[in-house]
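Below is one structure, written out as structure tokens, with a few remarks after it.
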Amino acid sequence: MSTKTPSKLEEILTAGHLAVTSECGPPRGSDPEDITKKAEMIRNHVDAINITDNQTSVTRLCSLAACVHLKMMGIEPTLQMVVRDRNRIALQSDILGAASFDIHNILCLSGDHQQFGDCPKGQNVFDIDSMQLIQTVRLMRDEGKFLGGDEIKRPPQMFVGAAANPFADPFEIRVPRLAKKIAAGVEFIQTQCIYNLDKFELWMKLACDRGLHEKVYILAGVTPFKSAGMAKYMKNRVPGMDVPDEVVKRMSGVPKEKQAEEGINICVESIQRLKEVEGVRGFHIMAIEWEEKVPEIVERSGLYPRPDIS
Amino acid sequence: MIVAEKKPIEEIIDQVKDFQKLLIAGCNECVTVCEAGGKKEVGILASALRMYFMNEGKKVEIDEVTLERQCDHEYLEEIRDRIDKYDAVLSLACGVGVQFMAEKYFSTPVFPGVNTCFMGAAEERGVWSERCQACGQCILGETAGICPISRCAKRLLNGPCGGSTKGKCEISKDLDCAWQLILDRLKELDRLDDYEKIMPIKDWSTERAGGPRKVVREDVRL
Amino acid sequence: MRLSYPGNIRIVRVPCTGKVDIIHILRALEKGADGVYVVGCLEGECRFSNGNLRARKRIEQAQHILDAIGIGGERAQMYNLSSADGPRFAEYAVEMTDKIKEMGPNPLKKAKEKMAA
Ligand code: SF4
Ligand code: SF4
């Protein structure tokens, strides 16, 4: 396969390496160091860094500006973009803005409902949905056209990604939904955090049965638990998250001061098992406000050093 | 029908406290069915307001009327001969009725006595829920008769999102996920394959986004 | 068995407390009653299944309105008893009368006098 964009992530995946990506949440303030410091900690251990877009609907420094900071550091960013807050004018405009800084990866998302965030009384937009955002970026890139039909001078060159949650309900349409995103034009997928490996493997198998793994690069999402409390919270409070009882038990089974270490162990073991799963082409490590642990996870999982591509 | 909810009496008092002659006007249609602004509610509100003003030592005259419809010239005309007796009208009709009243009786202050909520139906006694947001371009034919615009919290045309859990929406355990309902019904209709058709980007110009809307039918105009 | 209960109570008979509406409570107070209470069958023993439960909800709504307009929600009450329980009926009558005496007369009476003066 040849690459379609200058994206380093695309190049690594196309060359057949297991890719490693991670993410950073921008600060609730304007200090650029909050991003650059996190990025500095992990830059040598990942191929690209996602910048979340007002995740869980909490107002933060914008994803695009944070991506520009990464770009200035020579790190490859992935611009996360939710359709909750912008209409099609603003979405296309931000895509062009990102393209003007040569940001080459985008992740198209719906976004959590605003009721979870700090502005539950605000409006939402949802002019288009995440499926249609994938189509929009592909139209802008491949045909050099705006949704309105006009031509774009210097179209964006973006490797187009989306999320997939194998654990959301109903399970039976999880694979059809992946197929639908592929039909819309998605090129890479970062999955929801995987704790229920059996269920993930089943999803992956069903996807492979349909040959979907040959049409899209799937990066398995993992998040280390910092504590048993976090495991319980994720299990009970986060919509669309599947944390099996055994995992919670394993976390609660070790003394408090050892729980963080156990969380990392679980994460590394998961990666090792997932590496063997057909169709898994890389990992997306989301260490929420725990970026300093990413290098350790990457190294212990045998994913270091990262391929040198430039 | 249009579903409305009574405004808190404190808020109503605050709106009308400076008037001496009040007409409380109910409506016999939707707001009667959803028990927010029919004859019964007019009576209760009138009695409560009379007691309130009397207790405050204010002399306020309060009359009651319930019209067949307040969104209709014909029925609104029924009060033309006495409207000048009042220095304000408290309308318990939906927002449409309140405005029609205001347009017709241009020099009489009109206040809303209900909060107009949505277009919906009674799921059971005492429980009403939304069904349509009048997008002006109905797609129910493609979504198995369930409207994702009014019933999905994110208006997703290609749902469900990753937050759908056990048939419920990510925003509330008490709310069905519209996309789960759509899928259940597609399955029932043996049309599950249709799920993989991507719904195109919607033209929202026939919805609120396009500005105030109007339907003109030359064939029925006089 | 003859039981005495305070003589200042006027009894209005209804076939079932489910017949009692908010407007009846409000009108009674508007016309000058100092308090209104509804005596229904025991909960779960309504002959029309849930008339007395409905009555309770309506009393609660009336209380809310009466509080909001400054008349006092306590002036409306709901009691339940078994239909053969005469002594309990008298007991409630005394309790209600005491409660109202404590609250004083319907404020509308004074307001009316003032306005007339
Ligand atoms: S698709 Fe539009 S017109 Fe049809 S029910 Fe939904 S909002 Fe109403
Ligand atoms: S959970 Fe279902 S109804 Fe709620 S936003 Fe997601 S798709 Fe829509």
Side-chain angles (χ1 to χ4, degrees), chain A residues 56-57 82-84 87-88 91 109-116 120 123-136 139 147-148 162-185 191-193 210 221 236-242, chain B residues 133 135 137 139 142-144 146-188 191-210:
Chain A
T56 60
S57 311
V82 301
V83 294
R84 177 192 59 226
N87 70 358
R88 59 190 83 177
L91 291 168
L109 304 166
S110 317
D112 296 316
H113 192 268
Q114 74 276 6
Q115 86 155 38
F116 295 103
Q123 268 281 12
N124 54 35
V125 180
F126 296 116
D127 179 9
I128 66 177
D129 62 23
S130 61
M131 201 76 72
Q132 297 162 340
L133 179 60
I134 296 169
Q135 290 179 315
T136 302
L139 174 85
L147 286 173
N165 184 357
F167 311 106
D169 291 319
F171 182 71
E172 56 183 315
I173 57 104
R174 287 294 130 194
V175 172
R177 187 159 174 78
L178 176 66
K180 207 169 165 177
K181 284 195 176 171
I182 293 169
T191 76
Q192 170 72 292
C193 322
R210 284 186 62 167
N236 300 321
R237 291 298 175 78
V238 183
M241 191 73 73
D242 182 348
Chain B
Q133 288 180 354
C135 72
Q137 192 62 251
I139 54 164
E142 285 143 85
T143 55
I146 290 142
C147 170
I149 293 160
S150 54
R151 302 185 68 186
C152 164
K154 299 178 190 170
R155 287 186 147 194
L156 302 180
L157 294 186
N158 294 285
C161 74
S164 180
T165 308
K166 295 196 181 81
K168 299 297 171 186
C169 174
E170 71 172 28
I171 68 164
S172 162
K173 284 192 168 62
D174 300 324
L175 196 70
D176 289 329
C177 166
W179 274 95
Q180 176 77 56
L181 300 177
I182 292 172
L183 287 160
D184 290 347
R185 198 140 191 281
L186 279 176
K187 208 195 287 173
E188 182 66 31
R191 275 178 50 197
L192 207 50
D193 287 349
D194 285 359
Y195 173 71
E196 286 192 38
K197 290 185 194 153
I198 300 174
M199 284 259 245
I201 292 180
K202 192 168 168 68
D203 172 359
W204 292 112
S205 68
T206 56
E207 191 248 12
R208 178 209 59 81

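Below, all heavy atoms of this structure are taken into account, side chains as well, without hydrogens, waters or symmetry copies. Chain letters run A, B, ... following the sequence lines, proteins first and then strands; every chain starts at 1.
- Residue contact with chain A, scored on non-hydrogen atoms closer than 4.5 Å, involves the backbone and the side chain of Glu196(B) alike.
- With a 4.5 Å cut-off on non-hydrogen atoms, Leu147(A) touches chain B through its side chain but not through its backbone.
- Contacts between Lys168(B) and chain A at a heavy-atom distance below 4.5 Å are absent for every atom of the residue.
- Listed options Asn124(A), Asp127(A), Ile128(A), Asn165(A) were ranked by heavy-atom pairs under 4.5 angstrom with chain B; first place goes to Asp127(A).
- Only the backbone of Lys202(B) comes within contact range of chain A, judged by heavy atoms closer than 4.5 Å.
- Within the 4.5 Å cutoff, side-chain heavy atoms of Asn158(B) are placed close to those of Lys180(A).
- Note: Ile182(B) CD1 to Cys177(B) SG = 8.0 Å, rounded to the nearest 0.5 Å.
- Among Asp184(B), Leu192(B), Leu157(B), Asp193(B), the residue with the largest count of heavy-atom pairs under 4.5 Å with chain A is Leu157(B).
- Using a 4.5 Å cut-off between heavy atoms, Phe167(A) makes no contact with chain B at all.
- Note on Pro200(B), Gly167(B), Ser172(B): by heavy-atom pairs under 4.5 Å with chain A, the leading option is Pro200(B).
- For the set Ser110(A), Gly240(A), Pro170(A), the count of heavy-atom pairs under 4.5 angstrom toward chain B peaks at Pro170(A).
- Cys161(B) is not listed as a side-chain neighbour of Asp129(A), based on a closest heavy-atom distance of 4.5 Å or more.
- The shortest distance between side-chain heavy atoms of Ile139(B) and Met199(B) falls below 4.5 Å.
- Looking at Leu156(B), both its backbone and its side chain come within 4.5 Å of chain A, counting heavy atoms on both sides.
- Residue contact with chain B, scored on non-hydrogen atoms closer than 4.5 Å, is absent for Ser130(A).
- Contact check for Pro160(B) versus Arg177(A): side-chain heavy atoms found under the 4.5 Å cut-off.
- Your options are Cys169(B), Ala209(B), Gly159(B), Gly163(B), and the one with the most heavy-atom pairs under 4.5 Å with chain A is Gly159(B).
- Counting heavy atoms from C-beta outward, Leu183(B) and Ile173(A) have side chains that approach closer than 4.5 Å.
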Legend entry - Audit row: Lys154(B), Cys152(B), side-chain contact (heavy atoms from CB on, under 4.5 Å) steps and yes/no: CA-CA 5 Å; Lys154(B) 299 178 190 170; Cys152(B) 164; 4.1 Å; yes

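- Put simply, of Arg210(A), Arg84(A), Gln192(A), the one with the most heavy-atom pairs under 4.5 Å next to chain B is Arg210(A).
- Not one N or O on the side chain of Glu170(B) forms a donor-acceptor pair closer than 3.5 Å with the backbone of Pro239(A).
- Geometrically, Arg155(B) engages Trp204(B) in a cation-pi contact defined by less than 6.0 Å to the ring centre and at most 45° from the axis.
- The greatest number of non-hydrogen atom pairs below 4.5 Å with chain B, out of Gln135(A), Gln114(A), Arg88(A), is found for Arg88(A).
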